[in-house]
Amino acid sequence: IDNHKPHIEISIQKVDIYIYNSKMANREVIRLYRQMQREARRFSSFNFREYTIRRIRDGFKDNVSASPSDQKSLLLSARSHLDLIRRQAVINSMFHTRDLVIE
């Protein structure tokens, strides 16, 4: 009976570590989502801005139920998209156009 007790404690520790890691991953996802939204609002063009915000929102909604193994690759992909949004927002700010009626 004593031989099984350490095994149970290890299992409980693994679950605690998994819960801790999933909380960290959730914080990372929320932080990344907010950063992407913030960067998307930097577009001077209404159409680019709204399209990017919509794509970010839809992309995160589609991957809400992603498995933990997929989350790493999705986070890496989202980080590269964040860099892309930053670059495109800078380029977009270089070419100012007239405001649309709906702006």
Side-chain angles (χ1 to χ4, degrees):
I1 297 174
D2 290 326
N3 292 340
H4 296 295
K5 189 174 181 180
H7 179 69
I8 293 170
E9 289 175 9
I10 292 171
S11 298
I12 291 170
Q13 289 174 355
K14 285 182 181 179
V15 170
D16 290 341
I17 290 170
Y18 175 76
I19 291 170
Y20 177 75
N21 286 338
S22 66
K23 286 180 183 178
M24 292 296 288
N26 287 338
R27 281 191 216 138
E28 177 71 19
V29 168
I30 291 169
R31 187 172 61 83
L32 190 58
Y33 177 80
R34 288 179 180 164
Q35 284 179 332
M36 291 177 83
Q37 291 286 330
R38 194 176 311 118
E39 291 297 323
R41 285 192 292 267
R42 291 183 51 210
F43 279 100
S44 60
S45 171
F46 174 81
N47 290 328
F48 287 135
R49 182 175 54 244
E50 293 302 312
Y51 173 77
T52 305
I53 289 171
R54 186 174 57 249
R55 290 285 296 167
I56 292 166
R57 185 180 55 238
D58 293 345
F60 275 81
K61 273 186 188 178
D62 291 344
N63 295 310
V64 164
S65 60
S67 68
S69 61
D70 292 338
Q71 283 180 353
K72 281 186 178 183
S73 64
L74 289 170
L75 281 173
L76 287 174
S77 174
R79 285 188 191 115
S80 68
H81 285 111
L82 174 62
D83 292 336
L84 178 97
I85 292 169
R86 285 180 176 151
R87 289 191 304 271
Q88 291 299 318
V90 169
I91 292 170
N92 186 256
S93 68
M94 291 179 188
F95 303 99
H96 194 304
T97 58
R98 293 184 309 174
D99 288 341
L100 298 175
V101 175
I102 54 177
E103 288 185 272

What's the shortest heavy-atom distance between [X] and [Y], and which atoms?
X     : Y     : answer
Ser44 : Ser93 : OG-CA, 4.1 Å
Thr52 : Phe48 : OG1-O, 2.7 Å
Ala89 : Glu39 : CB-O, 4.2 Å

Nearest 0.5 Å, what's the [atom1]-[atom2] distance between [X] and [Y]?
X     : Y     : atom1 : atom2 : result
Asp70 : Lys72 : CG    : NZ    : 12.0 Å
Arg57 : Gln37 : CZ    : CD    : 7.5 Å
Arg87 : Leu82 : CZ    : CG    : 10.0 Å
Arg86 : Met36 : CZ    : CE    : 10.0 Å

Quiz item: Got a salt bridge between Asp58 and Lys61, using NZ or NE/NH1/NH2 to carboxylate O under 4.0 Å?
Solution: no
Exercise. Group every Ile, Leu, Val, Met, Phe, Trp and Tyr by side-chain heavy-atom contacts under 4.5 Å, then state whether Tyr33 and Leu75 land in the same group.
Key: yes
Exercise. Tell me whether Leu74 is reachable from Ile56 by hopping between hydrophobic residues (I, L, V, M, F, W, Y) whose side-chain heavy atoms are closer than 4.5 Å.
Key: no
Decide yes or no for [X] and [Y]: does some side-chain heavy atom of the first lie under 4.5 Å from some side-chain heavy atom of the second?
X     : Y     : result
Gln35 : Leu32 : yes
Glu28 : Arg79 : yes
Val29 : Phe60 : yes
Phe43 : Glu50 : no

Quiz item: Checking side chain to side chain contact (heavy atoms under 4.5 Å, CB included) for the pair Gln88/Ile85: CA distance, chi angles, key distance, verdict?
Solution: CA-CA 5 Å; Gln88 291 299 318; Ile85 292 169; 5.8 Å; no
Practice problem: Could you give me the CA-CA distance, side-chain angles and deciding distance for Met94 and Val90, then say whether side chain to side chain contact (heavy atoms under 4.5 Å, CB included) is met? | Solution: CA-CA 7 Å; Met94 291 179 188; Val90 169; 3.9 Å; yes
